[in-house]
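What follows is one structure encoded as structure tokens, with my remarks underneath.
Whatever order the structure lists ligands and atoms in, that order sets their numbers, starting from 1.
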Amino acid sequence: MLSYSSYMLTAVTVLLVTCHALCKCPGVPGLLDIPGLSGRDGLKRQPHLLGLPGSLYIELCNVLVELKHRISRLEGVLTLDGKIIEVGEKILTSNGKEVDFASALESCEEAGGTLATPTNEEENKAILGIVKRYNRFAYLGIKEGEISGQFTYMNGMPLNYTKWHTHEPNGKGTEKCVEMYTDGSWNDKKCNQNRLTICEF
Ligand code: MAN
Ligand code: CA
């Protein structure tokens with residue numbers, strides 16, 4: 001026969017296991033407050049408004065929680081191993097290859113990313129970390145537009161952050177790509193040089 005204390009232990013264990021499954025998916029089975037889904041008037045969404053029965057919502061929510069946990073462990077492994085650097089929402093990595101601008105961009109895009117593009121000081125420093133590790137200049141995801149001296153992101157939008165080296169850019173339309181030096185500053189440069197490939201995802 002189970003003693004009172006072992007009965008309690010079993011009950012607590014069952015509660016903890018249940019909580020592990022449910023507590024990370026708050027609001028179930030009552031009102032749900034799903035971040036980003038609450039209306040302007042603070043209306044809490046019900047699972048049936050998502051077209052889901054509550055039990056399926058719990059199941060999906062727990063799958064998401066497990067996936068997030070697994071992904072963050074993988075990120076930890078890759079960061080520890082020096083394979084990636086995370087900065088804000090971006091993941092930076094290099095294949096260690098030095099190729100011309102078009103080839104560097106192509107290999108980043110093939111992998112589902114684009115060339116590393118610093119949009120603030122923090123991102124510039126993170127990219128610089130990779131440049132320093134390889135001790136090689138790297139092409140950035142920045143190009144000179146039709147108007148000489150006007151540099152843009154790959155989507156054509158104007159730059160909201162720059163880190164030009166003194167007296168740069170000086171190509172006046174003849175240096176349409178941008179490289180990062182090993183001090184983190186930028187130089188406009190011809191696109192046919194071999195430079196380190198750094199991608200962002
Ligand atoms: C070389 C090139 C130029 C750069 C100057 C700086 O000529 O790398 O892009 O502006 O050096 O002296
Ligand atoms: Ca230059």
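Here the protein heavy atom with the shortest distance to atom 1 (C) of ligand 1 is Lys189 NZ, 4.3 Å. Looking only at heavy atoms of the protein, atom 5 (C) of ligand 1 is closest to Glu168 OE2, 4.0 Å.
Residue contacts with ligand 1: Glu175 is placed with a nitrogen or oxygen under 3.5 Å of a nitrogen or oxygen of the ligand (distance criterion only). Ligand 1 has no N or O atom lying under 3.5 Å from any N or O atom of Glu179, backbone or side chain.
The OD1 atom of Asp188 and the OE1 atom of Glu175 meet at the Ca ion (ligand 2) at an angle of about 90°, given to 10°. Here Glu168 contributes OE1 and Asn187 contributes OD1, and at the Ca ion (ligand 2) these two atoms make an angle of 70°, given to 10°.
A side-chain donor-acceptor contact under 3.5 Å links Asp183 to the backbone of Ser185. Judged by distance alone, the side chain of Ser94 and the main-chain N or O of Thr197 form a donor-acceptor pair under 3.5 Å. When atom types are taken as modelled, the side chain of Asn124 and the backbone of Gly184 share a donor-acceptor pair closer than 3.5 angstrom. Using a distance-only test at 3.5 Å, with no hydrogens or angles considered, no donor-acceptor pair links the side chain of Asp100 to the main chain of Gln193.
Between atom CG of residue Leu115 and atom OG of residue Ser107 there is a gap of 7.5 Å, rounded to the nearest 0.5 Å.
The nearest protein heavy atom to atom 7 (O) of ligand 1 is not closer than 4.0 Å. Counting only heavy atoms, the protein gets under 4.0 Å from atom 10 (O) of ligand 1.
Taking a 6.0 Å sphere around CD1 of Ile147, one finds it holds 12 or fewer heavy atoms contributed by other residues, nucleotides or ligands.
Every atom of ligand 1 is numbered from 1 in the order shown, and the set under 4.0 Å from a heavy atom of Asn170 is 10 (O). Those atoms of ligand 1 that come under 4.0 Å of a heavy atom in Asp188, given as number and element, are 9 (O).
Taking the six-membered ring for Trp, Trp164 and Phe151 have ring centres closer than 6.0 Å.
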